[in-house]
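Working notes for the structure below.
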Amino acid sequence: MTDLAKTTFTETALDALAEAEGTLAVLIGADGKLGRTAARANRLSRGAVARAVESEAFGKLKQGQTRVLGFPGGMAAERLVLVKLDRTADAETARRAGAAIAKAASTGAPLRIEADSLRRAADLVGGALLRNYAFTAHKSANGAQMVPEITVAATKPADVEAAAAAPIAVAGGVFLTRDLTNEPANVLTTTEFATRLEALSDLGVSVEVLEEPALADLGMNALLGVGRGSVSPSKVVVMRWEGGAQDAAPLALVGKGVVFDTGGISLKPAGGMEDMTMDMGGAAVVAGVMHAVAARKAPANVVGLVGLVENMPDGNAQRPGDVVTSMKGDTIEVINTDAEGRLVLADVLWYAQDRFAPAAMIDLATLTGAVIIGLGHHNAGVFANDDALAEAFLAAAGAEEEGAWRLPLGPAYDKQLSSRIADMSNVGGRPAGAITAAQFLQRFVKDDMPWIHLDIAGVASRKDGTDFAPRGATGWGVRALDRLIAERFQG
Ligand code: BES
Ligand code: MN
Ligand code: ZN
């Protein structure tokens with residue numbers, strides 16, 4: 001498990017500047033005037049701060065961006081990070097500034113941030129924690145380094161600490177999502193995944209693991225068909241956070257948890273197949289949100305359900321052309337065993353509605369390559385049968401700077417799923433592949449159930465880093481969904 005940096009809050013103390021070790025970050029207003037803290041750093045460094053601030057390069061920085069001075073004179077610090085940021089900066093800018101500081105500081109040395117009276121200091125702390133991540137579980141030497149501890153100095157440290165509790169809880173959820181998504185499939189088997197989810201009970205989440213016999217009794221043949229070729233047993237894990245009113249219907253989150261997707265008998269080509277270790281990214285986001293809401297003790301009822309399977313070719317594997325009967329009762333002709341995520345979700349979506357009668361349902365899945373062709377790695381595909389819920393989600397994603405773009409649903413697309421011998425085919429041909437996948441899922445959503453499908457194939461893991469994450473798993477969606485819950489599902 002990757003831990004968040006240990007964060008402590010302390011009162012601004014100018015006399016502590018000279019002794020701060022590792023990285024020291026100081027704020028500079030956009031007008032370039034030095035506040036009391038920056039002025040002290042300037043005096044200690046014999047004018048180096050003022051020279052840097054007056055430079056053309058610093059003048060060109062946007063708010064939230066940084067400039068680093070190495071081994072500044074007159075101070076114990078190895079790095080002095082000058083952060084262009086007004087004390088009235090908005091939450092987004094403060095968060096980006098925090099992330100930029102963490103990126104500049106990522107060396108294994110401690111970090112001290114002089115936040116002075118920054119209004120959105122808690123958001124800055126949140127940004128720093130999010131960016132201070134490295135997946136080192138399988139590195140024998142300390143390659144990528146993280147900041148082990150962050151000291152935040154502020155004029156009102158208790159206020160900042162109180163306000164930072166929620167961003168810290170959410171960052172913990174993001175780290176859980178990233179760790180699960182980055183973990184290779186020989187380590188993160190379905191069984192290991194379930195074990196890691198059971199640890200959420202430490203935060204007060206009730207966790208229940210449904211094994212294959214129970215899934216067979218429920219009639220989840222669409223899900224079970226996908227896992228038939230694997231030695232890892234298929235599972236459904238149900239996580240419940242009951243922080244809201246006792247009788248309030250929960251929000252249901254449903255995640256695709258394909259721990260590895262070879263394509264099955266419709267085998268994928270070798271090139272890039274290793275990326276399919278992240279095909280459980282949807283389930284990992286569900287886990288991360290459960291962590292976040294439990295860690296911040298959200299007054300909301302949220303239930304998370306994930307279908308954990310491995311899609312492997314084998315003598316016992318499902319074949320192209322097989323027909324399976326879903327829990328709902330509809331039959332599916334499996335034309336392509338590589339369109340497996342929708343088969344898993346069909347049964348988990350139905351079970352979620354059947355058992356919990358949720359107020360709304362949101363599923364997440366690394367579902368299609370087609371969504372990457374359409375939107376690249378900058379936006380997840382958003383599909384919804386409820387405009388108000390979709391708008392609320394898009395607003396939450398916007399506020400968290402998690403890219404999301406709505407795509408259409410419609411009966412004409414649904415027609416592409418017709419099958420000669422069963423109620424539907426599991427593929428709809430090449431045109432509009434992300435949409436026909438969503439249409440397939442919608443067949444397992446009751447008409448009056450507000451529902452969003454998030455196709456996160458392009459955003460769950462990235463080859464390049466983002467402002468808030470190094471390359472690899474991003475944790476996309478944890479922050480947007482936590483915000484949506486805070487804004488729409490808290491009593
Ligand atoms: N897991 C893949 C989708 C995917 C592709 C995720 C790239 C992340 C990156 C999914 O199971 C899949 O194989 N989808 C097929 C569907 C097709 C057979 C209709 C695809 O997109 O090619
Ligand atoms: Mn597949
Ligand atoms: Zn898949």
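Atoms within each ligand, like the ligands themselves, are counted from 1 in listed order. These figures come from a predicted structure and were not determined experimentally.
Counting heavy atoms under 4.0 Å from ligand 1, residue Lys256 touches it through the side chain alone. By the criterion of a heavy-atom distance under 4.0 Å, both the backbone and the side chain of Asp338 are placed next to ligand 1.
Protein-derived N/O/S atoms nearer than 2.8 Å to the Zn ion (ligand 3) total 4, waters excluded.
Checked for salt-bridge contact, Glu401 and Arg95 meet the test: a charged N lies under 4.0 Å from a carboxylate O. With respect to Lys297 and Glu242, no salt bridge is recorded, no charged nitrogen being found less than 4.0 Å from a carboxylate O. A salt bridge links Arg479 with Glu400: at least one charged nitrogen is closer than 4.0 Å to a carboxylate oxygen. Note on Asp347 versus Lys328: no salt bridge recorded, every NZ/NE/NH1/NH2 to OD/OE distance being 4.0 Å or above. Looking at Arg96 and Glu92, no side-chain N of the basic residue comes within less than 4.0 Å of a carboxylate O on the acidic one, giving no salt bridge. With respect to the salt-bridge test (charged N to carboxylate O, under 4.0 angstrom), the residues Arg228 and Asp314 do not qualify. By the 4.0 Å N-to-carboxylate-O rule, Lys256 lies too far from Asp455 to be salt-bridged with it. With salt bridges taken as basic N to acidic carboxylate O contacts below 4.0 Å, none links Asp90 and Arg120.
Of the candidates Ala437, Gly341, Gly369, it is Gly369 that places a heavy atom closest to atom 21 (O) of ligand 1.
Note: an N/O pair closer than 3.5 Å links Asp279 and ligand 1 by distance alone.
Residue-level check: among N/O/S atoms of Asp261, OD2 sits closest to the Mn ion (ligand 2). For Glu340, the N, O or S atom closest to the Mn ion (ligand 2) goes by the atom name OE1.
Among protein heavy atoms, atom 16 (C) of ligand 1 sits closest to Arg342 NH2, 3.9 Å. For atom 18 (C) of ligand 1, the closest non-hydrogen atom of the protein is Asn336 ND2, 3.4 Å. Ranking the protein heavy atoms by distance from atom 9 (C) of ligand 1 puts Met276 CE, 3.5 Å first. At the shortest separation from atom 2 (C) of ligand 1 among protein heavy atoms lies Asp261 OD2, 3.6 Å. Closest protein heavy atom to atom 14 (N) of ligand 1: Leu367 O, 3.5 Å.
A donor-acceptor distance shorter than 3.5 angstrom exists from the side chain of Thr277 to the backbone of Glu183, with no hydrogens or angles considered. A donor-acceptor contact shorter than 3.5 Å is absent between the side chain of Ser232 and the backbone of Ser230.
Here is the list of ligand 1 atoms found below 4.0 Å of a heavy atom in Lys268: 12 (C), 13 (O). Annotation for ligand 1: atoms under 4.0 Å from non-hydrogen atoms of Glu340 are 11 (O). Near Val427, the atoms of ligand 1 lying under 4.0 angstrom from a non-hydrogen atom of the residue are 19 (C). Atoms of ligand 1 lying under 4.0 Å from any heavy atom of Thr368, numbered from 1 in the order shown and given with element: 3 (C), 21 (O). Of all atoms in ligand 1, numbered sequentially from 1 with element shown, those under 4.0 Å from a heavy atom of Ala457 are 6 (C), 8 (C).
When each of Glu310, Glu211, Glu192 is paired with Lys235, the salt bridge (Lys or Arg N to Asp or Glu O under 4.0 Å) condition holds for Glu211 and for no other.
Heavy-atom minimum distance, Gly64 versus Ala100: O-CB, 3.5 Å.
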Show your working on side-chain contact (heavy atoms from CB on, under 4.5 Å) between Trp451 and Ile362 and close with a plain yes or no. CA-CA 6 Å; Trp451 160 74; Ile362 302 178; over 6 Å; no
Full working for side-chain contact (heavy atoms from CB on, under 4.5 Å) between Phe444 and Val348: CA-CA 9 Å; Phe444 298 89; Val348 184; over 6 Å; no
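In this structure, Tyr351 and Phe356 have perpendicular ring planes: the angle between them is above 60°, well past the 30° mark.
For His377, the closest heavy-atom approach to ligand 1 does not fall below 4.0 Å. Ile372 counts as a contact of ligand 1, since one of its heavy atoms falls under 4.0 Å from the ligand.
At a threshold of 2.8 Å, the Mn ion (ligand 2) has no backbone or side-chain N, O or S atom of Asp279 nearer than that distance.
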